[in-house]
Amino acid sequence: MSAAAAVVAKPSAEQKLSGLQLYSRFAFAGAVCCAVTHGALTPVDVVKTRIQLDPVKYNKGMIGGFRQVVSAEGAGALLTGFGPTAAGYFLQGAFKFGGYELFKQQSINILGLEAASNNRTAVYLASSALAEFFADIALCPLEATRIRLVSQPDFASGLLSGFSKIAKNEGIGAFYSGFGPILFKQVPYTMAKFVVYEKVSEAIFSKFKKEEMSGGAQTVANLGAGLVAGFAAALVSQPADTMLSKINKTPGAPGESTTGRLIKIGKELGLKGSYTGIGARLFMVGTLTAFQFAIYTDIKKALGATGGVEISKSA
């Protein structure tokens with residue numbers, strides 16, 4: 001192996017943090033970047049969800065959908081579900097980004113640095129999948145509440161009242177009726193998101209030396225890599241996102257299993273129907289993923305969380 005292909009496995013020279021101190025900072029940076037980006041895009045998510053749930057009514061695309069919602073319900077309707085969105089993705093971001101860094105490091109510890117670098121795509125995929133599984137356990141109840149609020153504007157006044165109403169009337173299990181589809185959506189989404197981001201970043205930083213780039217240039221690079229990763233993640237996970245919206249719209253019939261409901265919804269949608277609202281979601285996911293990685297990286301730097309280990313290879 002030539003020196004030009006040497007493994008980049010250098011923790012920062014100022015590596016002072018480790019263990020809980022380090023990974024809690026990764027988790028906090030992930031929590032903030034996800035809560036801020038998902039919260040800011042709540043209006044887009046409202047329109048996207050309406051298009052998925054009622055494509056006959058909301059059939060004028062994303063811009064037309066915005067106009068329809070505002071005309072019928074007022075501008076405030078675009079912020080429906082903001083509470084559960086911000087809270088849910090704060091928790092999910094902590095588990096997702098913090099877990100990804102943790103499981104990536106554990107993979108390196110188990111495989112060894114050279115083997116992990118040679119098989120880094122598999123490491124990225126496995127680490128992101130494991131992290132997302134635990135993140136979805138935290139996210140699912142709040143996502144179920146958000147979808148109910150968006151699909152039924154008169155259901156409750158906000159996060160606490162909606163959450164309490166579902167728990168009281170339908171039981172805790174109702175929060176996890178969408179756990180299967182949320183895994184089906186979020187795990188491939190996160191795997192695509194991280195592996196594409198890592199690969200695009202590796203390509204960028206093989207052409208432009210990271211240590212020679214200004215802070216602003218690095219942020220632009222992270223935004224670009226995140227945008228490409230977001231588009232890939234949206235395309236991979238769109239069918240499950242549509243099914244998740246459908247299954248959380250209303251309670252299931254007595255005795256109807258989640259699997260049975262999913263099969264029924266899948267047959268009704270078909271492949272074309274499962275990509276309903278893809279335009280709005282490409283815009284939403286591409287934008288938020290780009291800003292997530294930019295914010296995440298900047299917060300890590302600000303907190304001194306520079307002890308991670310890279311397993312990419314320089315050009």
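In this chain, numbering begins with 1 at the start of the sequence shown. All figures in this text were calculated on a predicted structure; none of them were measured in a lab. All values below come from the heavy atoms of this structure, side chains included, with hydrogens, waters and symmetry mates left out.
- Between the side chain of Asp54 and the backbone N or O of Arg50 there is no donor-acceptor pair closer than 3.5 Å.
- The residues Glu170 and Arg148 are annotated as salt-bridged, a charged nitrogen and a carboxylate oxygen being separated by less than 4.0 angstrom.
- Within a 6.0 Å radius of CZ in Phe155, other residues, nucleotides and ligands contribute more than 12 heavy atoms.
- Side-chain contact check for Lys199 and Thr121: at least one donor-acceptor pair (N or O, by modelled atom type) lies under 3.5 Å.
- Leu160 CG to Thr145 OG1: the interatomic distance, rounded to the nearest 0.5 Å, is 10.0 Å.
- Here the closest non-hydrogen pair linking Pro141 and Tyr176 is CG-OH, 3.4 Å.
- Between atom CG of residue Leu149 and atom CG of residue Asp154 there is a gap of 11.0 Å, rounded to the nearest 0.5 Å.
- When all heavy atoms are compared, the tightest approach of Ile295 to Cys33 is CG2-CB, 3.7 Å.
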Requested in this report: May I have the step-by-step check of side-chain contact (heavy atoms from CB on, under 4.5 Å) for Leu142 and Leu159, ending in yes or no?
Outcome: CA-CA 8 Å; Leu142 293 156; Leu159 168 58; 3.5 Å; yes
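- Atom CG of Leu113 and atom CZ of Arg120 lie 11.5 Å apart (nearest 0.5 Å).
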Query - Verdict with reasoning, Lys96 to Asp136, per salt bridge (Lys or Arg N to Asp or Glu O under 4.0 Å) - result: CA-CA 9 Å; Lys96 175 188 288 188; Asp136 288 344; over 6 Å; no
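- Put simply, Leu41 and Tyr189 are part of the same group of oily side chains (I, L, V, M, F, W, Y) that touch within less than 4.5 Å, one to the next.
- The hydrophobic cluster containing Tyr89 also contains Ile137, counting ILVMFWY residues as joined when their side-chain heavy atoms lie under 4.5 angstrom apart, directly or transitively.
- Side chain of Thr37 to main chain of Phe291: no donor-acceptor pair is present (N/O by atom type, distance under 3.5 Å, no hydrogens or angles).
- Counting only distance, with no hydrogens or angles, the side chain of Thr297 and the backbone of Ala294 share no donor-acceptor pair below 3.5 Å.
- Between the side chains of Tyr197 and Asn222, at least one donor N or O lies within less than 3.5 Å of an accepting N or O.
- Counting heavy atoms from C-beta on, the side chains of Leu79 and Pro43 come closer than 4.5 Å.
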Query raised in the report: When you look at Phe133 and Leu183, which way does the side-chain contact (heavy atoms from CB on, under 4.5 Å) test go after all the steps?
Result: CA-CA 7 Å; Phe133 176 81; Leu183 284 177; 3.8 Å; yes
**Report entry** Full working for side-chain contact (heavy atoms from CB on, under 4.5 Å) between Phe103 and Phe134
**Finding:** CA-CA 12 Å; Phe103 289 123; Phe134 291 104; 4.0 Å; yes
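- Judged purely by atom type and a 3.5 angstrom limit, Arg25 uses its side chain to pair as donor or acceptor with the backbone of Leu303.
- In this structure, Leu91 is not a member of the same hydrophobic cluster as Ile299, with clusters built from ILVMFWY side-chain heavy atoms closer than 4.5 Å.
- Asn119 contributes a side-chain N or O that, together with a main-chain N or O of Ala115, makes up a donor-acceptor pair within less than 3.5 Å.
- A donor-acceptor contact shorter than 3.5 Å is absent between the side chain of Ser164 and the backbone of Ser161.
- No continuous path of ILVMFWY side-chain contacts below 4.5 Å connects Phe90 to Phe163, so the two sit in separate hydrophobic clusters.
- Not a single donor-acceptor pair under 3.5 Å links the side chain of Glu132 to the backbone N or O of Met191.
- Formation of a donor-acceptor pair under 3.5 Å by the Arg281 side chain with backbone atoms of Ala234 is found in this model.
- For the side-chain hydrogen bond (donor to acceptor under 3.5 Å, both in side chains) with Lys193, the qualifying choice from Gln186, Glu198, Gln292 is Gln292, the only one to do so.
- Each of Phe231 and Leu223 belongs to its own hydrophobic cluster when Ile, Leu, Val, Met, Phe, Trp and Tyr are linked at side-chain heavy-atom distances under 4.5 angstrom.
- Using the six-membered ring where Trp is involved, Phe293 and Phe97 have ring planes that are perpendicular, over 60° apart on the 30 and 60° scheme.
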Acceptor/donor pairs from residues 59-71 side chains to any protein atom, 3.5 angstrom cut, sequence neighbours excluded:
| unit_1 | atom_1 | unit_2 | atom_2 | d |
| --- | --- | --- | --- | --- |
| Asn59 | ND2 | Val56 | O | 3.4 |
| Gln68 | NE2 | Lys57 | O | 2.8 |

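- Atom OH of residue Tyr23 and atom CG of residue Leu102 lie 6.0 Å apart, to the nearest 0.5 angstrom.
- Here the side chain of Thr190 pairs no donor or acceptor atom with the backbone of Val187 at under 3.5 angstrom.
- Considering only heavy atoms from C-beta on, Gln92 comes within 4.5 Å of Cys34 through its side chain.
- The aromatic ring centres of Phe26 and Tyr100 sit 6.0 Å or more apart.
- Of all the heavy atoms in Tyr296 and Ala29, the pair that sits closest is CD1-CB, 3.5 Å.
- By the 6.0 Å contact criterion, CZ on Phe28 is open, its count of non-hydrogen atoms from other residues, nucleotides or ligands being 12 or less.
- Nearest approach of Ala225 to Ser201, heavy atoms of both residues: CB-OG, 3.6 Å.
- Taking CG of Leu227 as the reference point, atom CG of Leu282 lies at 10.0 Å (rounded to 0.5 Å).
- Annotation for Val46 and Leu78: closest pair CG2-O, 3.4 Å, computed over non-hydrogen atoms.
- To the nearest 0.5 Å, the span separating CG on Asp45 from CG on Leu288 amounts to 9.0 Å.
- Judged by distance alone, the side chain of Ser177 and the main-chain N or O of Gly173 form no donor-acceptor pair under 3.5 Å.
- A 4.5 Å side-chain heavy-atom check between Ile311 and Val123 finds at least one atom pair inside the cut-off.
- Annotation for Tyr124: atom OH counts as buried by contact number, over 12 foreign heavy atoms lying within 6.0 Å.
- In terms of heavy-atom proximity, Thr289 sits nearest to Gly226 at CG2-O, 3.2 Å.
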